[in-house]
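Below you'll find the structure, written out as structure tokens, and then a few comments.
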Amino acid sequence: MDTITVKEIITKKGNQKITMLTCYDFSFAQLLDEAGVDMLLVGDSLANVLLGLTETRKVSFAQMLTHTAAVARAVKHSLVVADMPYVSYQKNPGKSLIYARKFMEAGARAVKIEWFDGAKRTSQGPKDCPAIIGNLIKNNIPVMGHIGLTPQTAHLLGGYKVQGKDKESAMRLVKQAKYLEELGVFSIVLECIPYQLAHYITANVNIPTIGIGAGAYCDGQVLVLYDMLGLYKKIKPKFVRVYKDLSLHVKEGVAAFIADVQGVAFPHPEESFSMKEEEWNALLTLLHSK
Ligand code: KIV
């Protein structure tokens, strides 16, 4: 199977639903790639599910880069999308191109940028998102947009809440989606918005929409891997479906390991290394001669 291209993702719109899962490491990346997921997002949600941080804003660029490289090393088919962390563009708008290029050098084939367009803005930051996106695209870096609930700036949106529930904020999101399309993004994540609004946006842009908590009418769906495999239990958003609860398997496996070690049932001789008998005897002679 050849590597899926950005162009192929776009042409799936209206033809085949698109799948995306977050992924943060080599071993899972191999599995998801072999399973045929279209896109692997090295999401900054790793701040929560891998690092135990309370906010995605706190993850560093170096951490994101390490995980992006690990995922990219494993992949043969899926399109790897690196999530630009807060520090790489909202905090340092002037350095966003440098950071995005580093992700591409590490093996990402696109980057994702969250667009926050709320009322409260600092002197630099969220207001720069469209300019930053335009600059990356001008420099041949494919960009995936992200609107609705944007976790990096959730504190400015009144918390982790469904967005676009009233006509004014819904209209803002429609405008953002259209503007992102004009800027040239190749797809847009719609996070936590009413399904009717996601349906409208999907029908009125020519690029794929990828929903998370945005209903069934999006062109594709994304979930956080650790949520859909039951590995992250701290919160369980309404839109998460746990496809396999691996936490039970992990706990069972670990309990069996503890019991085996304590009962001297692990390791077996065939799980151990041995020396030839004459080498061992020669060593004993040597040890006893000292
Ligand atoms: O970081 C992430 O996991 C994301 C998804 C929620 C789309 O941005």
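When a ligand or atom number is given, it counts from 1 through the structure's own listing order. Excluded from the calculations below are hydrogen atoms, water molecules and symmetry mates; all remaining heavy atoms, backbone and side chain alike, are included. Remember, predicted model here, so these are calculated numbers, not experimental data.
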Do any side-chain atoms of residues 217-226 form donor-acceptor pairs under 3.5 angstrom with protein atoms, and if so which ones, sequence neighbours left out?
from, atom 1, to, atom 2, distance (Å)
Asp219, OD2, Lys13, NZ, 2.7
Asp219, OD2, Thr209, N, 2.9
Asp219, OD2, Thr209, OG1, 3.4
Gln221, NE2, Gly215, O, 2.9

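Using modelled atom types, no side-chain atom of Ser88 and backbone atom of Ser96 make a donor-acceptor pair closer than 3.5 Å.
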Extract all N/O-N/O pairs under 3.5 Å that connect ligand 1 to the protein, and present each with both atom names and the distance rounded to 0.1 Å.
from, atom 1, to, atom 2, distance (Å)
ligand 1, 1 (O), Asp44, N, 3.1
ligand 1, 1 (O), Asp44, OD1, 3.1
ligand 1, 1 (O), Ser45, N, 3.0
ligand 1, 1 (O), Ser45, OG, 3.3
ligand 1, 1 (O), Asp83, OD2, 3.1
ligand 1, 3 (O), Ser45, OG, 2.6
ligand 1, 8 (O), Lys112, NZ, 2.9

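Heavy atoms from other residues, nucleotides or ligands lying under 6.0 Å from CD of Glu278 number more than 12.
Ionic pairing of Asp245 and Lys233 is present here: one or more N-O contacts between side-chain nitrogen and carboxylate oxygen are shorter than 4.0 angstrom.
Note: Tyr89 and Phe61 fail the aromatic proximity criterion, with ring centroids not under 6.0 Å apart.
Cation-pi contact between Arg73 and Phe26: absent, since separation from the ring centre below 6.0 Å together with deviation from the ring axis within 45° is not met.
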